[in-house]
Each structure stands twice: as structure tokens, then as C-alpha cells.
Number of protein chains: 2
Amino acid sequence: MLSKKSKYAIKALVGLAKNHGNEVPLRIAQIAEQEHIPKKFLESILVELRNNGLVHSKMGAAGGYYLAKEPSDIFLSQIIRLSGGPIALLPCVSLNFYESCEECEGGEEQCALHDVMLEVREATVEILAKTSLSDLVEREDRLAKLLK
Amino acid sequence: MLSKKSKYAIKALVGLAKNHGNEVPLRIAQIAEQEHIPKKFLESILVELRNNGLVHSKMGAAGGYYLAKEPSDIFLSQIIRLSGGPIALLPCVSLNFYESCEECEGGEEQCALHDVMLEVREATVEILAKTSLSDLVEREDRLAKLLK
DNA sequence: CAAATATATACCAAATTAGTATGATATGAA
DNA sequence: TTCATATCATACTAATTTGGTATATATTTG
């Protein structure tokens, strides 16, 4: 499971992606309202995303947040990792949050579970690493049209 | 991420699968030692697995645990769900632990993120639902031989 | 300067996770 | 029948994570 933090981070970034190209940045309060995210919590999430180089911010009146890269260059896998969540189902198959299983005595090379979980991670990352913010925005448009 | 509980449940069941066919059940203490799982914690995990019909137990001296079904009929997806863990990355795409996103106003049919996460869940379940305890045991044998 | 904004720091409550403790109960063997 | 070996039931708990909130400060624009 992703944490709410990760989910909120994704939704906030999708919001920023929709605003991409506009001159004026989006205010925290706007994003919070649009995406129904608690404002103060969103604030801390955005600070983290900024520290990780995904967004930039502008202080003062008429300030706010905007993407630091093209929406087509920000991928779900990245967002999830930066907002604190491992993607893998076990620490011993995580690329970015690796930890060995102390209880696995034969070593990971002999662990069948490790093996299967590696497969799962690969299948998951395959999808998440090819889906960008602009893909999500497009997809949303397409879904909206289908339902009209 | 799976909880340790889920990981321990899988490992314990693999242990029981290896013992399958023997007359004598495995004692909690044996499983705990073999798989390096804290004994009292394992005890509570096994009780839950029994309540969910995956294992049977026998009380008293020479008692212990054994599988309630063939190892080829117990799948990772089942174990993970019964030991408390959703497989999906978001509640709104979970089959067994579904919850709607209150903040998703257009409804899930219009949510692009929902759509992607559905894909991820399907890819994950595809692997976990076809991997049985006997597959894991076989796989372990194969890995051991490769490394000899 | 005043208003609108982000920033920094610190705190906090609830839920979840990962167990432990204690004693009762059932079984088999001596 | 008694004793050692098991599971079973119930309750408790410590640590961590999650999901926030509060307060005060710094910066920019008009």
C-alpha cells in the first residue's frame, strides 16, 4: 500500500501538471482545495518534493508552486520513491530501500520468495516507470470523454 | 510493502509444505527455529491461519501444525490476504480491502490514477495468484542446485 | 507599509506493527 | 494417573508510522 502522503503527492503533482505552461504558479491553498488534500499536510509534502527537485516555489504574494521539469519527465515511480514509499513488497527486493532479511540464512540467492517478489517488483516498476504526469493528464481527458 | 506478519506467514507455510506427507505435525518451536521467526509471534500467526482454514493443528504432546490442503492449492495471494495485507497499492483498487477515495470527486471511473493502479494490481495478482507453496518449494530446490 | 504568500520549527494524537506475558487446556507416554 | 509437552485464549505493551496541527518568521508585490 502507498501512504496517503504518496497519494497526495501524486495528485498535487498532477494538479501542477495541468497548470504547466501558465505563467502564474499554483498556491498551496488552490491545490489543496482542487484535490481535497488537508492544506497543512500538503504544505509539508510540497516542501519535501521541492527538496527533492521535483517542484520549484516562489515566495510572497502571487507566489506558489510549479513543476521543476516537463510533466512528461516526471514518472510515478519517482514520485512514490521520493515521497517515502518503497515500491517492492519486501525490503530484500527493493532497489531504493533495500534491507537484507536477517532470517534468510541461505542468502537471498537461494530464497524462492525473494525470487518471486523480484518478479512482482519488476512488473510493478515496469508500469510505474513508464507513466508520467502528462500520461495521467491525457488519460484523465480520455476517460472524461468516454463518459460523456 | 508486506508486513512482517505476512512474510512470516508465508515462510511458516513453506516450512509446513516441506513437511507435508509426514505423519507427525511440525511444532511451533521447530518452525520458529527453522525460519527464524519469534516464537510467540508465530504462534499468533498460526492461530489466525488456522481460523482461516489454511492449517490444522493438533494439541498436546506430539502435537503441532500441518497444512489443511495440498501445497499446490495454497497460493501467495491467498496467504497475503488472509494474513491481513491488501495487495493493491491503493484502497480504491483493492479487491478484498476496497475503500473509496472520498477526495476523488469525479468518481473512480474518471480517475487516471485509479486506472494505472488497477493495471499494477492486475500484474501483481497475476504472479501471486499462480504461485503456490509447492512452486516455492520446487523453486528453492532449483536455486539450491544452481548454486552448488 | 500592508496583504498575501511560502518557510521553519516544533509538536501531537491515533493507528498499526510487532511483539510479550500468563495461565489454561488437551494429549501421549511412563 | 501423573507428568511433560504441546497448543489455546486472553490480555497487555512498546515502538514506529501515519496523518496531521500550531505558531511564528521570511519574502514578495502592489
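Below, chain A is the first sequence line, B the second, and so on; all start at residue 1.
- Residues of residues 22-46 of chain B that place a heavy atom closer than 4.0 Å to DNA chain D, in numerical order, are B:R27, B:I28, B:K40, B:E43.
- By the side chain to side chain donor-acceptor pair (under 3.5 Å) test, B:R139 is found to be paired with A:D115, A:E119, residues two or more places apart in sequence or in another chain being considered.
- Residues meeting the side chain to side chain donor-acceptor pair (under 3.5 Å) test with A:K5, sequence neighbours left out: A:E48.
- Checking each of B:I87, B:L128, B:L76 against A:L89 for a side-chain contact (heavy atoms from CB on, under 4.5 Å) leaves exactly one that passes, namely B:L128.
- A:S134 is linked by a side chain to side chain donor-acceptor pair (under 3.5 Å) to A:S132, counting only residues two or more places apart in sequence or in another chain.
- Put simply, CD on B:E48 is 17 Å from C1' on D:dT7, counting in whole angstrom units.
- Near DNA chain D, meaning a heavy atom under 4.0 Å away, the residues from residues 56-68 of chain B are B:S57, B:K58, B:M59, B:G60, B:A61, B:G64, B:Y65.
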Determine all donor-acceptor pairs shorter than 3.5 Å in which one atom belongs to a side chain in residues 6-16 of chain A; sequence neighbours excluded.
residue : atom : partner : partner atom : Å
A:S6    : OG   : A:S83   : OG           : 2.8
A:K7    : NZ   : B:E103  : OE2          : 2.9
A:K11   : NZ   : B:E103  : OE2          : 3.4

Every protein N/O lying under 3.5 Å from an N/O of nucleotides 10-16 of chain D:
none

Please tabulate, for the side chains in residues 56-65 of chain A, all donor-acceptor contacts under 3.5 angstrom to protein atoms that are two or more places apart in sequence or on a different chain.
none

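- Take B:E109 and apply the side-chain contact (heavy atoms from CB on, under 4.5 Å) test, not counting sequence neighbours, and it matches A:L147.
- Comparing A:L2 and B:R50 by the nucleotide of DNA chain D that holds the closest heavy atom to each, the one mapping nearer the 5' end is B:R50.
- Heavy-atom contacts of chain B under 4.0 Å fall on DNA chain C between two terminal nucleotides, which in 5' to 3' order are C:dA18 to C:dG28.
- B:L136 and B:L143 sit in two unconnected hydrophobic clusters of ILVMFWY residues. Membership requires side-chain heavy atoms under 4.5 Å apart, directly or through other members.
- Side-chain N or O atoms of A:N19 include one that pairs as donor or acceptor with a backbone N or O of A:V24 at under 3.5 Å.
- Sorted by first and then second residue, the side chain to side chain donor-acceptor pair (under 3.5 Å) pairs involving residues 37-47 of chain B (not counting sequence neighbours) are B:K40-B:E43.
- The side chain to side chain donor-acceptor pair (under 3.5 Å) search around B:E140 returns B:K18, not counting sequence neighbours.
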